[in-house]
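I have placed the structure first, in the form of structure tokens, so that the comments after it can refer back to it.
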Amino acid sequence: MNLKRLTPIAIGAAFAMALGLGTTAAQAQKKISILTWNIPYFEEGMNQWKEMFKKSHPDVTIEWLDKKGTEFSTFYQTQVVAGTAPDIIDVQGGLWLEYASQGGLLDLTPYLKRDKAFTDGLYPEVVNGWVFEGKNYGVPFYISKTLLFYNKLMLKEAGLTNPPATFDQLMDYAAKMTKGEKSGFMTLNFDWLYWPIFAENGIDLLTPDLKKAAFNTPKAVALVEKLAKATKDGVINKISWTGRWVEPNGAFAAGTIGMLNAHAPAYLWFKSKGPWVNEDTVGAADFPGRWSTPNSHAFLISKGTKHPEEAWEFVKMISSGDGAYVFGTGSNNLTGDKAANSRLMKYFAEKIPVVVPVLETQLKHLDKLTGNWPIAKDAQVKEAFYPELQAALLGDKSAKEALDEAEKKVNRVLTRR
Amino acid sequence: MAFAIRRKRTRELLLIWFFLAPSLLIFLLYRIIPLLWNGVLSFEFWSPYKPAEFAGLYHYEEMLLYDDVFWQAFWNTAIFMASAPIGILIALLVAILVDTPIRGRNVYRTIVFMSYPVMTVAVGIIWQWLYNEKVGLFNYVLVSLGIVEQGIPFLETASLALPAVIVASIWQVLGFYMIILLTGLQNIQPSLYEAAAIDGANAWMRFRRITLPLLRPSIFLCFVIGIINSFTNFDLIYVMTDGGPSHATELLVTYIYRVAFKLAQFDYAAALTIVNFLFFVFLAWLANRLAGGEVGAVETG
């Protein structure tokens, strides 16, 4: 046999075998990607999740991607266009409604029905927040909703003892706390977080069938006028209507704001900026009327996933039991899983007792969630409504004029293609 | 003989194309194709999840007839652009001042220029605090001097927000304008001023008849930079006001971003981009005409 002729054949055969083996290995190994919303600090927990999942699914590799809220939608949408959408996404707010309405997400209703034991362990009110046109698209990841933080020192200084129980009391207390550079009240305004103010005053954004604007009423005009006057007088800090979340939370951390309507995670944020913040100086209460706007996160699965079963199994694992507990302890949040939360509350009571009063508000009054409308054009409605409201609150337009204009714009958004 | 010349010419042309090809390829991939795709997209109903449908002029009709925010962003962009001469004028005055033989002029030049290399995000945050109604430096000075009783909410008032952002933008680019104009000033032969002085021209006449005409290319360059700046000043607006309050500081570029990535309306954003592009092309053409119509032309022969 001629060795010179055999060598290339042997090399070719070895190469072909290697290629074949490689392909088989690649086929056997499935990859699931998960895109999370601004939790870069969770690397250790993510590794724990991966290890836990590897035990039951040795053939699946998990790839973790994390983006800040400001980059999230840009990144996800470009990945969808490129045909490489992450299998699982963690979203907040109304962003997902646009994706769901266009058929970009996997309907999880059959999965939730099938795995009843898992579903029963979740809070039904929170699960229902992820329903669009009768189909469920999300599994609760962590629970967050608005509450009223109050500066106990300012409250005391104003001669008050308890946080307000009604909206009129809220405005009255805020006025009493306002002095010099100090303002009585402030709210976050993104993702409809200010809507408890409107809900408490009996104002609906849309008609029950979600087809028309319903907010332009004499009651709403009166409320906006009242809020605008309080803003002009400095009782409500203007940053309420202009800042996003850093500025209002930063202002509260500076100790010059009496009461702040914000979501629970704001607490540890402003505590880290304000060394004076502790259980003796800052209190947590329900907003008057016990209204709150959810700002919870959920896991959703992209319709284009190649491994829906594995993606679902992973979502189930990380949003319940030990998986949820790992996240709760790693991020100081409560999850959508009841059993995990019981363990977490014990953990917080022992390790970070200061957050317990804040987190306790998150599990109560889930029947009074507001500012959460299942409409595909949530973002567009928000964009049509808020700038007009903002103009009135900052005194650039009359309340009537602004609400008339907002009504016209919202109705146009709801009727156009 | 003629054949040899032709061959030489062909070789030269091939060489030119060879060197140009990489740049042209990048230009084609990252500019021309996206622009054409954008044009097509603007006549479609498109989403990342569904097949495109022909929309005709739907988006353009929506934009021109119903979308108040588009018109507001359009006029804001025009105002932002129109503010460029103010910055250039201030920079010219500063350049003339630091061009005079005064002691420590290099220090002054450095101080003025220092604003330019600062990251735009940092500029936005600094100016946001300067304008703060309760603890901002400007309001502190105004209240301390008794000019106002209460702080002015510069960035929270619709009528003041855009001028406030423009001032921050001018401050940032002032140092750069100054360097360009200073270079222009230093290229003017001192003998021209000496001759004019001997002929009895006073300082104003020397400025008007010598400095200004010879500075024209530098001023034109500053103006072009100012126009580009007004179309691309995304980061400053994003940090300082996010286009608010009530779209008072919305520029076309911030509005396009908002529509595409916050509202997920890529097709409508494409139509906005086309209008933005046409507006920009018109301005470039106008500026070229005003500059004599030969800007960028290569002299041959």
Side-chain angles (χ1 to χ4, degrees), chain A residues 70-83 85 95 98-99 101-105 180-183 231-232 234 237-244 247 251 254 256 303-304 377-380 382-384 386-397 402 405 409 412-413 416-417, chain B residues 41 45-51 53 55 58-59 61-62 65-69 72 125 128-129 131-136 139-140 143 150-161 238-250 255 257-268:
Chain A
T70 46
E71 299 162 8
F72 188 94
S73 62
T74 313
F75 177 80
Y76 180 63
Q77 287 172 50
T78 47
Q79 293 301 302
V80 169
V81 176
L95 196 63
E98 183 78 32
Y99 306 155
S101 70
Q102 296 187 28
L105 298 173
E181 63 173 22
K182 291 181 178 175
S183 298
T231 306
K232 193 179 170 210
N237 192 300
K238 286 193 181 71
I239 295 174
S240 293
W241 315 121
T242 56
R244 278 169 281 185
E247 300 87 348
T256 55
K303 186 80 171 276
K377 292 176 175 174
D378 175 82
Q380 290 178 50
K382 204 184 296 167
E383 193 62 29
Y386 189 68
E388 292 299 331
L389 175 69
Q390 191 187 35
L393 294 170
L394 294 172
D396 293 320
K397 268 185 186 175
E405 194 61 28
K409 287 183 178 176
R412 174 144 182 84
V413 166
R416 78 172 177 224
R417 188 188 155 112
Chain B
L41 198 60
F45 292 115
W46 186 92
S47 98
Y49 303 103
K50 287 181 182 171
E53 274 178 69
Y58 182 90
H59 301 305
E61 189 188 335
E62 177 70 28
L65 301 182
Y66 300 104
D67 190 354
D68 301 346
V69 185
Q72 193 164 359
I125 293 169
Q128 210 178 25
W129 280 110
Y131 284 130
N132 188 288
E133 183 191 359
K134 303 229 168 183
V135 293
N139 277 315
Y140 176 76
V143 173
Q150 274 188 324
I152 302 167
F154 290 101
L155 297 178
E156 290 84 25
T157 309
S159 56
L160 296 177
Y238 191 74
V239 173
M240 285 183 77
T241 60
D242 194 24
S246 307
H247 300 291
T249 56
E250 198 83 74
Y255 189 47
Y257 173 81
R258 186 185 301 279
V259 169
F261 294 110
K262 290 190 177 172
L263 305 183
Q265 291 178 280
F266 288 94
D267 41 13
Y268 187 49

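Letters A, B, ... mirror the listed sequences (proteins, then strands); counts begin at 1.
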Begin with the C-alpha distance, continue with both residues' side-chain angles, and end with the deciding distance and a verdict on side chain to side chain contact (heavy atoms under 4.5 Å, CB included) for R258(B) and E383(A). CA-CA 10 Å; R258(B) 186 185 301 279; E383(A) 193 62 29; 2.9 Å; yes
If I measure from the heavy atoms of chain B, does T70(A) come under 4.5 Å with its side chain, its backbone, both, or neither? both
What part of K50(B) gets within 4.5 angstrom of chain A, counting heavy atoms only: side chain, backbone, both, or neither? side chain
In terms of heavy-atom pairs under 4.5 Å with chain A, which of G244(B), A248(B), P153(B) leads? P153(B)
When the 4.5 angstrom heavy-atom criterion is applied to Y238(B) and chain A, the contacting part is both
When only pairs under 4.5 Å are counted, which of V81(A), V80(A), T74(A) shares the most heavy-atom pairs with chain B? T74(A)
So what's closer than 4.5 Å to chain B heavy atoms on T242(A): side chain, backbone, both or neither? side chain
Under a 4.0 Å threshold between the charged nitrogen and the carboxylate oxygen, would E62(B) count as salt-bridged to R412(A)? yes
Measure W129(B) against the heavy atoms of chain A and call it side chain, backbone, both or neither at under 4.5 Å. neither
Determine which residues belonging to residues 390-397 of chain A lie within contact range of chain B, meaning some heavy atom pair is under 4.5 Å apart, and list them by number or answer 'none'. Q390(A), A391(A), L394(A), D396(A)
Of all heavy-atom pairs between P387(A) and S246(B), which one has the smallest distance, and what is that distance? O-OG, 2.6 Å
Which residues satisfy the side-chain contact (heavy atoms from CB on, under 4.5 Å) test with Q77(A), sequence neighbours excluded? S73(A), Y99(A), A264(B), F266(B)
Show the numbers, then the answer: is there a side chain to side chain contact (heavy atoms under 4.5 Å, CB included) between E98(A) and Q265(B)? CA-CA 10 Å; E98(A) 183 78 32; Q265(B) 291 178 280; 5.9 Å; no
What residue in Q380(A), K382(A), E247(A), Q102(A) has the most heavy-atom pairs under 4.5 Å with chain B? Q102(A)
With sequence neighbours excluded, what pairs up with S183(A) under the side-chain contact (heavy atoms from CB on, under 4.5 Å) test? N237(A), I257(A), K134(B)
Under the side-chain hydrogen bond (donor to acceptor under 3.5 Å, both in side chains) rule, collect the residues that match up with E133(B), sequence neighbours excluded. K238(A)
Considering only heavy atoms, which portion of V135(B) lies under 4.5 Å from any heavy atom of chain A: side chain, backbone, both, or neither? side chain
Distance check, rounded to the nearest 0.5 Å: R417(A) atom CZ versus D267(B) atom CG? 8.5 Å
Can you tell me which portion of Q128(B) sits under 4.5 Å from chain A's heavy atoms? Options are side chain, backbone, both or neither. side chain
Side chain, backbone, both or neither: which part of E71(A) has a non-hydrogen atom closer than 4.5 Å to chain B? neither
So how far is it from K409(A) NZ to D68(B) CG, rounded to the nearest 0.5 Å? 4.5 Å
Heavy-atom proximity to chain B below 4.5 Å, by part of K303(A): neither
